[in-house]
Amino acid sequence: MKTKILLDENDIPKRWYNIQADLKKQVDPPLNPKTKQPIGPDDLKVIFPMELIKQEVSRDRYIPIPKEIREIYRIWRPSPLYRARRLEKALKTPAHIYYKWEGVSPPGSHKPNSAVAQAYYNMKAGIERIVTETGAGQWGSALAFSTRIFNLKCRIYMVKCSYEQKPYRRILMESWGAEVFPSPTKLTNVGREMLKKDPTTSGSLGISISEAVEDAATHDNTNYALGSVLNYVVLHQTIIGLELKKQFEIIDKYPDIIVGCVGGGSNFSGACFPFVRDKIIGKKPELKIVSVEPLACPTLTKGEYRYDFGDSVGLTPLLKMYTLGHTFIPAAIHAGGLRYHGDSPLLSKLTKDGYMEAVAYYQNEVFEAAMLFARTEGFIVAPEAAHAVKAAIDFARMCKHKNEKKIIVFANSGHGHFDLSAYDAYHNKALQDYKHPKELIEKSITNLPKI
Ligand SMILES: *Cc1c(COP(=O)(O)O)cnc(C)c1O
């Protein structure tokens with residue numbers, strides 16, 4: 001009886017899967033916020049390399065993964081698929097629970113799957129320096145690791161309150177050689193403006209994005225990198241789902257329910273899109289695919305499917321997606337990676353069209369699930385991933401109730417070793433549950449751009 005289903009290094013997929021090739025109807029295109037016309041490659045050339053822009057709009061079903069990227073993936077990929085037998089036993093469920101574990105990468109999450117690819121294509125394009133923003137530091141540490149590998153300089157604008165409260169991921173980024181600044185900084189116009197208005201501001205992800213984009217647009221040989229939402233990020237993350245499919249083939253099984261947490265949608269889209277394809281082409285009509293989000297930031301369950309800005313300042317192209325409105329500021333829950341007002345346009349479209357569904361939870365019930373997982377399976381998962389754990393447990397309990405032997409698999413996006421203060425707060429009963437912020441959402445929805 002196997003606990004881990006492992007692939008050989010030589011089984012690392014040689015191409016990513018692009019779901020745009022299989023959509024019955026394409027996603028509405030990103031729009032220029034001024035002209036409201038679809039944006040073209042030229043609009044993006046200032047901050048992204050051409051190869052990534054091509055991937056963003058590609059309709060090819062498979063896109064080759066360059067050998068140089070696969071060589072780096074070998075450090076931690078293929079990632080293991082686990083059968084959570086002790087969790088099943090604790091739940092007394094007839095269901096089988098599996099999880100695909102992305103906590104094995106050097107930065108500890110799925111994010112380097114795309115960061116390595118982005119660093120590589122920038123290096124190939126002759127770019128010498130990459131800038132980005134980071135909140136809690138998961139994306140920043142993945143990019144710091146990846147730029148180091150390809151000898152690129154890396155600057156990270158880190159939201160000031162996280163910089164001050166969460167030093168460990170900053171130290172991780174600095175250990176890989178990145179420059180990390182508490183944002184807003186005096187290094188950009190946006191930052192100086194913000195500091196003039198409020199010298200004691202604790203910053204926000206929106207401000208940090210604006211600083212990073214300005215930095216990239218105003219420096220030669222410098223590009224910007226984004227860790228989720230965009231089609232090419234989702235594309236890179238399909239390495240997870242392609243491996244997962246092979247792993248289920250090895251044990252001659254196919255999941256009934258696939259679950260994953262959704263912040264911008266990259267890890268879960270990556271894990272489930274190769275399976276969503278089976279649903280689109282009619283091979284697996286019964287397959288249930290469920291996104292999990294926090295009730296404090298319920299984008300898919302309570303948001304609207306409309307055009308909105310990708311950032312909170314209003315600088316990016318308009319994206320058609322589920323959104324709570326770009327001015328919505330979610331409560332400070334510990335799953336920082338799930339505090340995003342929008343979602344991947346591809347995942348949004350597939351949800352809108354009924355191929356995927358979504359559920360939302362309070363953070364205390366999520367940590368309770370993560371504790372049961374830690375005490376049965378051993379791993380302390382990231383607060384984001386704990387949302388997927390909670391949903392998987394709920395489905396397993398439902399199976400017990402109905403005496404159904406379903407196969408449940410969840411995307412386990414990362415470890416929680418730098419989030420232990422959140423676990424401490426949970427142990428000390430100091431975690432607050434935030435209700436669905438109905439009025440705040442309604443207010444921010446009224447700020448959506450009119451198309
Ligand atoms: C960033 C992050 C997420 C949320 O981002 P997605 O793009 O939705 O995957 C989830 N889990 C972990 C561990 C993260 O670092």
Side-chain angles (χ1 to χ4, degrees), residues 1-6 79-104 240-241 244 247-248 250-262 267-268 271-272 275 284 286-295 301 334-335 338 356-416 419-420 422-423 426-427 429 431 433:
M1 292 223 294
K2 278 197 169 170
T3 298
K4 302 194 285 307
I5 297 103
L6 299 173
S79 71
L81 174 65
Y82 277 86
R83 168 98 183 263
R85 289 183 198 276
R86 275 168 298 274
L87 176 62
E88 290 168 14
K89 213 167 152 195
L91 295 169
K92 300 194 178 67
T93 178
H96 290 188
I97 307 172
Y98 292 86
Y99 60 95
K100 177 76 167 154
W101 181 224
E102 292 298 306
V104 288
I240 303 173
L244 184 55
Q247 284 161 313
F248 272 114
I250 289 180
I251 52 172
D252 202 17
K253 299 235 159 74
Y254 194 95
D256 298 298
I257 306 172
I258 308 181
V259 177
C261 70
V262 171
N267 91 85
F268 189 45
C272 77
F275 296 88
K284 294 282 173 187
E286 308 284 271
L287 174 62
K288 199 171 166 74
I289 306 170
V290 186
S291 302
V292 192
E293 54 185 21
L295 267 166
T301 47
H334 284 276
L338 307 187
M356 303 174 63
E357 53 199 284
V359 294
Y361 293 113
Y362 289 115
Q363 62 176 349
N364 273 296
E365 54 186 349
V366 160
F367 274 91
E368 188 190 337
M371 281 315 305
L372 176 60
F373 188 77
R375 290 176 183 189
T376 51
E377 293 299 309
F379 291 114
I380 305 278
V381 303
E384 293 84 359
H387 285 71
V389 174
K390 165 68 178 156
I393 288 177
D394 274 8
F395 282 118
R397 287 194 169 124
M398 236 181 274
C399 286
K400 181 185 175 192
H401 190 65
K402 297 189 194 160
N403 197 21
E404 284 177 339
K405 204 177 158 178
K406 294 216 158 131
I407 296 176
I408 301 165
V409 60
F410 67 95
N412 199 345
S413 53
H415 69 64
D419 306 285
L420 290 177
Y423 279 87
Y426 173 74
H427 296 322
K429 306 205 172 356
L431 270 193
D433 275 336

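- Contact of the P383 side chain with the V366 side chain is not registered, since no non-hydrogen atoms from C-beta on lie closer than 4.5 Å.
- Between atom CG of residue L81 and atom CD1 of residue I250 there is a gap of 9.0 Å, rounded to the nearest 0.5 Å.
- Residue pairs meeting the salt bridge (charged side-chain N to carboxylate O under 4.0 Å, His left out) criterion with at least one partner in residues 393-402, sequence neighbours excluded, are K390-D394.
- Ring orientation note: the planes of Y99 and F373 are nearly perpendicular, at an angle over 60° on the 30°/60° scale.
- For A370 against A386, the heavy-atom pair with the smallest separation is CB-CB, 3.7 Å.
- In terms of heavy atoms, Y361 sits closest to A391 at OH-CA, 3.5 Å.
- Proximity of H427 to F367: side-chain heavy atoms (C-beta onward) are nowhere separated by under 4.5 Å.
- Here the closest heavy-atom approach between residue P94 and residue C399 is recorded as CG-O, 3.7 Å.
- Side chains of H387 and E293 form no contact here, defined as non-hydrogen atoms less than 4.5 Å apart.
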Criterion side chain to side chain contact (heavy atoms under 4.5 Å, CB included) on I97 and F410, from CA distance to verdict
CA-CA 8 Å; I97 307 172; F410 67 95; 4.0 Å; yes
List the steps, then state whether side chain to side chain contact (heavy atoms under 4.5 Å, CB included) holds for Y423 with H334.
CA-CA 9 Å; Y423 279 87; H334 284 276; over 6 Å; no
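- Note that CD1 of I5 and CZ of R83 are 8.5 Å apart. Values are rounded to the nearest 0.5 Å.
- Atoms CG and CD, on N267 and E102 in that order, are 8.0 Å from each other to the nearest 0.5 Å.
- Residues A396 and A95 share a closest heavy-atom pair of CA-CB, 4.3 Å.
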What do the steps show when you test Y254 against L287 for side chain to side chain contact (heavy atoms under 4.5 Å, CB included), and what is the final call?
CA-CA 9 Å; Y254 194 95; L287 174 62; 3.9 Å; yes
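- Nearest heavy atom pair, residue C261 against residue F268, reads O-CB, 3.6 Å.
- Interatomic distance, I407 CD1 to I257 CD1, rounded to the nearest 0.5 Å: 10.5 Å.
- Remark: Y98 pairs with F248 by the ring-ring contact (aromatic ring centres under 6.0 Å, His included) rule, at least two apart or across chains.
- By the 4.5 Å heavy-atom criterion applied to side chains, I240 and S79 are not counted as neighbours.
- Summarising the geometry, atom NZ belonging to K89 is positioned 12.5 Å from atom CG belonging to L91; distances are rounded to the nearest 0.5 Å.
- Listed by first and then second residue, the side chain to side chain donor-acceptor pair (under 3.5 Å) pairs involving residues 362-380 are N364-D433 (not counting sequence neighbours).
- Within the 4.5 Å cutoff, no side-chain heavy atoms of V359 are placed close to those of V259.
- Across every non-hydrogen atom of I258 and C272, the tightest pair is CG2-CB, 4.2 Å.
- A heavy-atom distance below 4.5 Å is not found between the side chains of K406 and M398.
- Going from atom NZ of K100 over to atom CD of Q247 covers 3.5 Å, rounded to the nearest 0.5 Å.
- Between T93 and I408, every side-chain heavy-atom pair lies at or beyond the 4.5 Å cut-off.
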